[in-house]
> 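Shown below is the structure under consideration.
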There are 2 protein chains.
Amino acid sequence: MKTITSRDNPLYKELKQLAASSQARRKAGRTLLDGVHLCQGYLTLRGAPVHCIVADSALANPEVLDVVRRCEDLHAHVTALPDPLYNAVSQVDNGIGLMFLVDAPVRAIAGPLTQSAVLLDNLQDPGNVGSILRSAAAAGITQVYCSAGTAFCWSPKVLRAAMGAHFVLEIYENVDLAALVSSATVMVLATSGYATRRLYDVDLRQPVAWLLGHEGQGVADDLLALATHQVVIPHLGQIESLNVAACAAVCFFEQLRQNQA
Amino acid sequence: MKTITSRDNPLYKELKQLAASSQARRKAGRTLLDGVHLCQGYLTLRGAPVHCIVADSALANPEVLDVVRRCEDLHAHVTALPDPLYNAVSQVDNGIGLMFLVDAPVRAIAGPLTQSAVLLDNLQDPGNVGSILRSAAAAGITQVYCSAGTAFCWSPKVLRAAMGAHFVLEIYENVDLAALVSSATVMVLATSGYATRRLYDVDLRQPVAWLLGHEGQGVADDLLALATHQVVIPHLGQIESLNVAACAAVCFFEQLRQNQA
């Protein structure tokens, strides 16, 4: 384990940049995982991080120490920081003092859609994106495609909300969704409050690409027109619509229910 | 329409306090609705606000002007503020310049649970609470009971996430959930990742009180023990659980699906 005590250290400067700027994270293709839960998940599902960063005071925590030892066993870099330096890069208030620097994989699309997937068109809210990734992983859907306007999936807020789902998913960003939908060999279902076909009237015992749109405006019209079907989740009452992450969960788990019935 | 130009005006001071402090909102039993959507919803579903507050520049917006006129027709107080004063109390960046001061109803529980309801045990995240209120309203569930540890439902973040659901719901806060569950005449279902009974194996064509718990710890053990059944949403993959708001949506809409089948 190394120790950094200077704010001028190049690694520390990199951490500061990645912590402060979404643009820096996208440009570097790297991000920070903050907290024991995310770091444990990464170790188990993806292996060694680029770098394990630990606050001096956190070395007294058995869970943190276990993660540090697992990193050392994998010959990953481990660096300790004095608490004030650590706290200046952590985005979690009263966090536990452990973070990983990891690569945010940039994937090239290999071919047309042939299995169940989630397509996110211009989703803005990191909490919604994270919740959708978590629901997809829990429902056994592993492919996620995001348009250029969607929140960066490897941002700290999305990572926190997804609770480790990233590590079992294949996430593609900056995707031309119109081209992807046009070439798909699976059914593409777009949710829309204006659709007349009920979700429950579609046979979901087959791969489905779920197309979900912007929180306010929904799926863009040109994309909607390319979907196999538009479906609505029937609802009661005077409330116009569901939150997009709630809508996603209902869709994914209705598919799983039909498949398991 | 009146105009306030002094920061020492008593109404303006009240607005500043309500905007800044959750404690002030709870103590006053009042809150602020920020934005056209929430204000329109309130007017339609609840009627006149205590006070309609509008930024000078927003009076050029036809939607805002329509809301102002509807308030005047209902003989509600309307007050215009210079933009700098308005912006100092608004919690919405680049908002439209319209807010309502409204009462946050404090309800006394009238009797035992006899219809479908949502019970929130110690839910922390305002976005989750808001999303659950929105899903409940959309699924036709109108009663919501919150333990003392749950986020204040009438806080700006919960109001924004719920998108007007508050105005069709009966929300009870600081509720002794153990007493409520013990006296319930309807089935109480608690969701738990450790349950063995599948959600889909329960006949939901009857009133159900849905008991949902803290984001990290779930429903408290003593409450869990009082539930009629603990149920799990079957899932695939290595991800341990769903976000509580996603879980709520799946439960509420499975009940609606069974009722409509």
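A note on names: the letters A, B, ... follow the listed sequences, proteins ahead of strands, and every chain is numbered from 1. Here the structure is a predicted model, which is why all the values come from computation and not from measurement.
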> Any heavy-atom pair between the side chains of His235(A) and Leu242(A) that's under 4.5 Å?
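Result no, sub-4.5 Å side-chain heavy-atom pair not found.
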> So which of Gly130(A), Gly127(A), Cys251(A), Pro234(A) has the largest heavy-atom pair count under 4.5 angstrom toward chain B?
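When all of Gly130(A), Gly127(A), Cys251(A), Pro234(A) are compared, Pro234(A) has the most.
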> Under 4.5 Å from any heavy atom of chain B, what part of Ala246(A) do you find: side chain, backbone, both or neither?
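Both backbone and side chain.
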> Could you tell me which portion of Tyr200(B) (side chain, backbone, both or neither) has an atom closer than 4.5 angstrom to a non-hydrogen atom of chain A?
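Just the side chain, heavy atoms under 4.5 Å.
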> Before giving the answer on side chain to side chain contact (heavy atoms under 4.5 Å, CB included), spell out for Phe100(A) and Cys71(A) the whole-Å C-alpha distance, their side-chain angles and the decisive distance to 0.1 Å.
CA-CA 10 Å; Phe100(A) 279 3; Cys71(A) 286; 3.5 Å; yes
> Do other residues, nucleotides or ligands put more than 12 heavy atoms under 6.0 Å from the CG atom of Asp203(B)?
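Buried by this count: over 12 neighbours within 6.0 Å.
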> Side chain of Asp103(A), backbone of Pro105(A): donor and acceptor closer than 3.5 Å?
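Looks like no, no N/O pair under 3.5 Å.
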